[in-house]
Engineer: 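Here it is: the structure, laid out below.
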Amino acid sequence: MPEGPRIAFLKEQLDQFVGQPVVEAQGTAKNIPFPLLPEQTLTEIKTFGKELLLCFPDFALRIHLLFFGKYALNAELNRELQLGLTFESGTINFYACDCRYISEPLEQLYDWTTDVLHPSFDPDKALQKLLRQPKQLICDAILEQSIVAGVGNGIKNEALFRCHLHPASVVGEIPEPILKNLVRACVTFSQEYLSWKQENTPTKNWQVYQRNTCPRDLVPLRKEKLGKTKRSCYFCEKCQELYAASF
DNA sequence: GGTTATGTTATTTC
DNA sequence: AGAAATAACATAAC
């Protein structure tokens with residue numbers, strides 16, 4: 001379900017509850033102190049990459065939707081409820097997700113300069129981190145949440161395509177300006193993805209991910225599980241350049 | 001029934 | 001010890 005932009009969109013949907021106390025908290029999530037939650041006021045909602053952070057005065061709840069996570073706003077789904085929070089004006093229910101209680105200050109745990117959707121995102125830092133992993137394939141490196149938090153498999157494929165860069169390229173062989181472009185493409189695609197969510201426009205904007213034909217060359221796209229992560233790569237051999245190892 | 005899918009983390013193995 | 005492979009979790013669609 002989630003890449004960074006969808007979590008950012010979820011935050012916007014839930015911001016209406018900020019300032020309200022929890023009326024009821026239920027669910028089966030481990031590590032969540034349910035009896036402690038009622039009457040706590042939701043002070044802020046943050047996101048970090050694919051993580052949703054519900055902030056209360058003395059702690060935070062971290063929700064990660066993982067692969068199959070679902071949520072329902074003012075509705076219920078027919079499966080095990082992990083975490084349900086009822087506020088004065090509505091209810092949010094989370095399913096099939098990872099929930100955690102965080103007592104440490106968030107600034108101590110998160111570095112928002114690595115979050116592609118955060119205003120403080122630092123593209124140069126991301127570039128330097130990539131350069132520190134010269135032997136990795138770019139299709140693996142660009143999924144690393146410690147480098148570009150929020151990027152998932154869809155954004156990966158679209159950003160690589162926009163930069164004419166083959167997913168099996170070796171990081172150390174890619175010219176630096178192209179790597180720089182790739183980082184920038186992750187940011188701009190994520191921002192566009194979020195605005196499509198906000199405007200509720202269909203995902204016609206995906207050019208290669210889960211598609212069959214290259215929109216530029218009209219040749220069939222290749223689909224392969226590449227890299228150590230073995231995630232699906234959709235790419236055009238004709239218009240995405242491969243920078244292979246030179247030994 | 002098998003495969004695949006927008007993800008991460010704990011455990012095992014080398 | 002530490003990197004790397006494997007398992008684990010949860011769910012729906014084809």
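Fair warning: this is a prediction, and the values are worked out from it, not measured in the lab. Side-chain atoms are counted along with the backbone in the values below, which use heavy atoms only and exclude waters and symmetry mates. Proteins get letters first, then strands, A, B, ... in listed order; numbering begins at 1 in each.
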Engineer: Between atom CZ in A:Arg6 and atom P in B:dT6, what is the gap in whole Å?
Structural biologist: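 Distance, rounded to whole Å: 12 Å.
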
Engineer: Classify A:Lys225 by what it touches in the nucleic acid, base, sugar-phosphate, or nothing, heavy-atom distance under 4.0 Å.
Structural biologist: sugar-phosphate

Engineer: For the pair A:Lys156 and A:Glu158, find out whether any cationic side-chain nitrogen is under 4.0 Å from an anionic carboxylate oxygen.
Structural biologist: no

Engineer: For A:Lys30, answer base if it contacts any base atom (sugar-phosphate contacts may also be present), sugar-phosphate if it contacts only those atoms, and nothing otherwise; contact means non-hydrogen atoms under 4.0 Å.
Structural biologist: nothing

Engineer: Is it the case that the side chain of A:Trp112 and the backbone of A:Glu107 share a donor-acceptor pair, with hydrogens and angles ignored and the cut-off at 3.5 Å?
Structural biologist: no

Engineer: Could you tell me whether the phosphate oxygens of B:dT8, OP1 or OP2, come under 4.0 Å of any side-chain nitrogen or oxygen in A:Gln145?
Structural biologist: yes

Engineer: One character per nucleotide, please: for nucleotides 1-6 of chain C, 5' to 3', B when the base has a protein heavy atom closer than 4.0 Å, S when only the sugar-phosphate does, - otherwise.
Structural biologist: ------

Engineer: Quick one: is B:dT4 close enough that its OP1 or OP2 comes under 4.0 Å of any side-chain N or O from A:Ser232?
Structural biologist: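 It does not, given that no N or O in the side chain of A:Ser232 lies less than 4.0 Å from OP1 or OP2 of B:dT4.
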
Engineer: Using only heavy-atom distances, determine whether the side chains of A:Lys228 and A:Gln136 contain a donor-acceptor pair under 3.5 Å.
Structural biologist: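 Checked: A:Lys228/A:Gln136 side chains pair up, N/O donor to acceptor below 3.5 Å.
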
Engineer: Go ahead and write out DNA chain C as dot-bracket, 5' to 3': ( ) for pairs within the strand, [ ] for ones crossing earlier pairs, | when the partner sits on another strand, dots for unpaired; Watson-Crick or G-U wobble, both distances under 3.5 Å.
Structural biologist: .||||||||.||||

Engineer: Rounded to the Å, how far apart are A:Ile63 CD1 and C:dC9 P?
Structural biologist: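 Distance, rounded to whole Å: 22 Å.
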
Engineer: Excluding sequence neighbours, so at least two apart, what forms ring pair (Phe, Tyr, Trp, His ring centres under 6.0 Å) with A:Phe56?
Structural biologist: A:Phe59

Engineer: Between C1' on B:dA5 and CD on A:Gln210, what's the gap in Å once rounded to a whole number?
Structural biologist: 7 Å

Engineer: Taking B:dT9 as the reference, what is the distance to C:dA12 when you measure between their C1' atoms (whole Å, please)?
Structural biologist: 23 Å

Engineer: Please give, in whole Å, the distance from B:dT8 P to A:Phe68 CZ?
Structural biologist: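 My rounded result for the distance is 13 Å.
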
Engineer: May I have the distance from A:Lys230 (atom NZ) to B:dT8 (atom P), rounded to whole angstrom?
Structural biologist: 18 Å

Engineer: For A:Asn153 and B:dT4, give me the distance from atom CG to atom C1', rounded to whole Å.
Structural biologist: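 Between C1' of B:dT4 and CG of A:Asn153: 12 Å.
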
Engineer: Take atom OH of A:Tyr71 and atom P of C:dT11, then tell me their distance rounded to the nearest Å.
Structural biologist: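 The answer, rounded to whole Å, is 17 Å.
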
Engineer: Can you tell me how far CG of A:Asn212 sits from CZ of A:Arg222, rounded to the nearest 0.5 angstrom?
Structural biologist: 14.0 Å

Engineer: A:Phe68 ring centre to A:Arg79 NZ or CZ under 6.0 Å, with the angle to the axis within 45°?
Structural biologist: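 Here A:Arg79 fails the 6.0 Å and 45° test against A:Phe68.
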
Engineer: Heavy-atom count around A:Glu192 CD within 6.0 Å, excluding the residue itself: above 12?
Structural biologist: yes

Engineer: Examine B:dA5: is either OP1 or OP2 under 4.0 Å from a nitrogen or oxygen in the side chain of A:Arg231? Give yes or no.
Structural biologist: no

Engineer: For the atom pair CG (A:Leu42) and CZ (A:Phe87), what is the distance rounded to the nearest 0.5 Å?
Structural biologist: 4.5 Å

Engineer: Linking Ile, Leu, Val, Met, Phe, Trp and Tyr by side-chain heavy atoms under 4.5 Å, what else ends up with A:Leu137?
Structural biologist: A:Val170

Engineer: Rounded to whole Å, how long is the line connecting atom CZ of A:Arg62 with atom C1' of B:dG7?
Structural biologist: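 Distance check: A:Arg62 CZ to B:dG7 C1' gives 11 Å.
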
Engineer: Taking only side-chain nitrogens and oxygens of A:Lys70, does any of them come within less than 4.0 Å of OP1 or OP2 of B:dG7?
Structural biologist: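 No, A:Lys70 has no side-chain N/O under 4.0 Å of OP1/OP2 on B:dG7.
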
Engineer: Nearest 0.5 Å please: distance from the CG atom of A:Leu54 over to the CG atom of A:Leu83.
Structural biologist: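 Taking CG in A:Leu54 and CG in A:Leu83, the distance rounds to 7.5 Å.
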
Engineer: Would you check if there is a donor-acceptor pair between the side chains of A:Ser89 and A:Gln20 at a distance under 3.5 Å?
Structural biologist: yes

Engineer: When you get a sec, tell me which of B:dT9, B:dG7, B:dT4 is the closest nucleotide to the side chain of A:Pro2?
Structural biologist: B:dG7

Engineer: For DNA chain B, find the residues of residues 74-85 of chain A with a heavy-atom distance under 4.0 Å and give them by number; none if there aren't any.
Structural biologist: none

Engineer: When you get a sec, tell me which of B:dG7, C:dT11, B:dA5 is the closest nucleotide to the side chain of A:Leu66?
Structural biologist: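 Among the listed nucleotides, the one closest to the side chain of A:Leu66 is B:dG7.
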
Engineer: If you look at every strand shown and take non-hydrogen atoms under 4.0 Å, does A:Tyr95 touch a base, only sugar-phosphate, or nothing?
Structural biologist: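 No contact.
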
Engineer: Once you round to the nearest 0.5 Å, how far does OG1 of A:Thr113 lie from NZ of A:Lys125?
Structural biologist: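 Output value for this atom pair is 3.0 Å.
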
Engineer: Show which residues join A:Leu226 in its hydrophobic cluster (side-chain heavy-atom contacts under 4.5 Å, direct or indirect), or state none.
Structural biologist: A:Phe235

Engineer: Does B:dT9 have OP1 or OP2 sitting under 4.0 Å from an N or O in the side chain of A:Arg100?
Structural biologist: yes

